[in-house]
Amino acid sequence: MTRITVKVDGVSYTDDVEPRLLLVHYLRDVVGKTGTPIGCDTTNCGACTVHMDGMSVKSCSVLAVQADDTEITTIEGIGNGEWHPLQSAFREAHALQCGYCTPGMIMAAADLLRENPDPSEQEIRDGLEGNLCRCTGYQNIVRAVRRAARSSQAAQSSPAAQAGATS
Ligand code: FES
Ligand code: FES
């Protein structure tokens, strides 16, 4: 067993784990973050995507011991207790059917928008190519990410945001 300390969605956890334990199993079975699903366990589907120190990773491709001393954000923490703009946009744009891919899609899209706040449709498709959806045909997922990008830009250019930036 190896002792690790990981901050998950703002809360610090210290646990003794098997060196072979995958991060996704640690998050789900030890920490209880079952909002992060397992779709394939072979790094293909992206359903298990979380952020590690702000970067999106497939948590089935990371060992829990590799997450020692890092900060993990899951779909359960991305909105800080409120709806994240991407969560609202996925709901409004009907970007999910069964919803199994949705947590990973949103976590990957958040990382994409962090790097490119105004992506084109093709850039969104390229950015999410590691995340598979077997229900939607992707069209509404792309629309949702565009919608979230627009709403984030609108929020940043609002009078309140500008007042905050200049105060
Ligand atoms: Fe991790 Fe599919 S469960 S990529
Ligand atoms: Fe079912 Fe994407 S909504 S897999």
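By convention here, the first residue in the shown sequence is residue 1. If you're wondering where the values come from, they're calculated on a predicted model, not measured in any experiment. Start at 1 and go down the list; that is how both ligands and their atoms are numbered.
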Would Asp53 and Thr70 count as a side chain to side chain donor-acceptor pair (under 3.5 Å) here? Give the steps. CA-CA 6 Å; Asp53 287 338; Thr70 67; 4.9 Å; no

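Considering Ile78, Thr73, Val57 as possible partners of Val50, the one that fulfils the side-chain contact (heavy atoms from CB on, under 4.5 Å) test is Val57. Between Cys101 and the choices Pro37, Cys133, Cys45, Cys135, the side-chain contact (heavy atoms from CB on, under 4.5 Å) rule is met once, by Cys133.
Contact annotation: Cys133 places an N, O or S atom under 2.8 Å from atom 2 (Fe) of ligand 2. Backbone or side-chain N, O or S atoms of Cys101 reach atom 2 (Fe) of ligand 2 at under 2.8 Å.
Only protein N, O or S atoms were considered, and those under 2.8 Å from atom 2 (Fe) of ligand 1 are Cys40 SG, Cys45 SG.
Scanning the protein heavy atoms around atom 3 (S) of ligand 2, the nearest turns out to be Gln97 N, 3.2 Å.
A donor-acceptor contact shorter than 3.5 Å links the side chain of Arg28 to the backbone of Thr36.
Shown in contact with Cys135 at under 4.0 Å from a heavy atom are these atoms of ligand 2, numbered in order with element: 1 (Fe), 3 (S), 4 (S). Near Arg134, the atoms of ligand 2 lying under 4.0 angstrom from a non-hydrogen atom of the residue are 4 (S). Heavy-atom proximity to Gly99, at under 4.0 Å, picks out these atoms of ligand 2: 1 (Fe), 3 (S).
Residues Asp68 and Thr5 meet the side-chain proximity criterion, which asks for heavy atoms closer than 4.5 Å.
Heavy atoms from other residues, nucleotides or ligands lying under 6.0 Å from CD of Gln122 number more than 12.
Legend: residues meeting side-chain contact (heavy atoms from CB on, under 4.5 Å) with Asp16, ordered by chain and number and at least two apart, are Met1, Arg3.
At a threshold of 4.0 Å, the pair Glu129-Arg125 does not count as salt-bridged, since none of the basic side-chain nitrogens sits closer than that to a carboxylate oxygen.
Met105 and Tyr100 fall into different hydrophobic clusters, where Ile, Leu, Val, Met, Phe, Trp and Tyr residues are linked whenever their side-chain heavy atoms come under 4.5 Å apart, directly or through other members.
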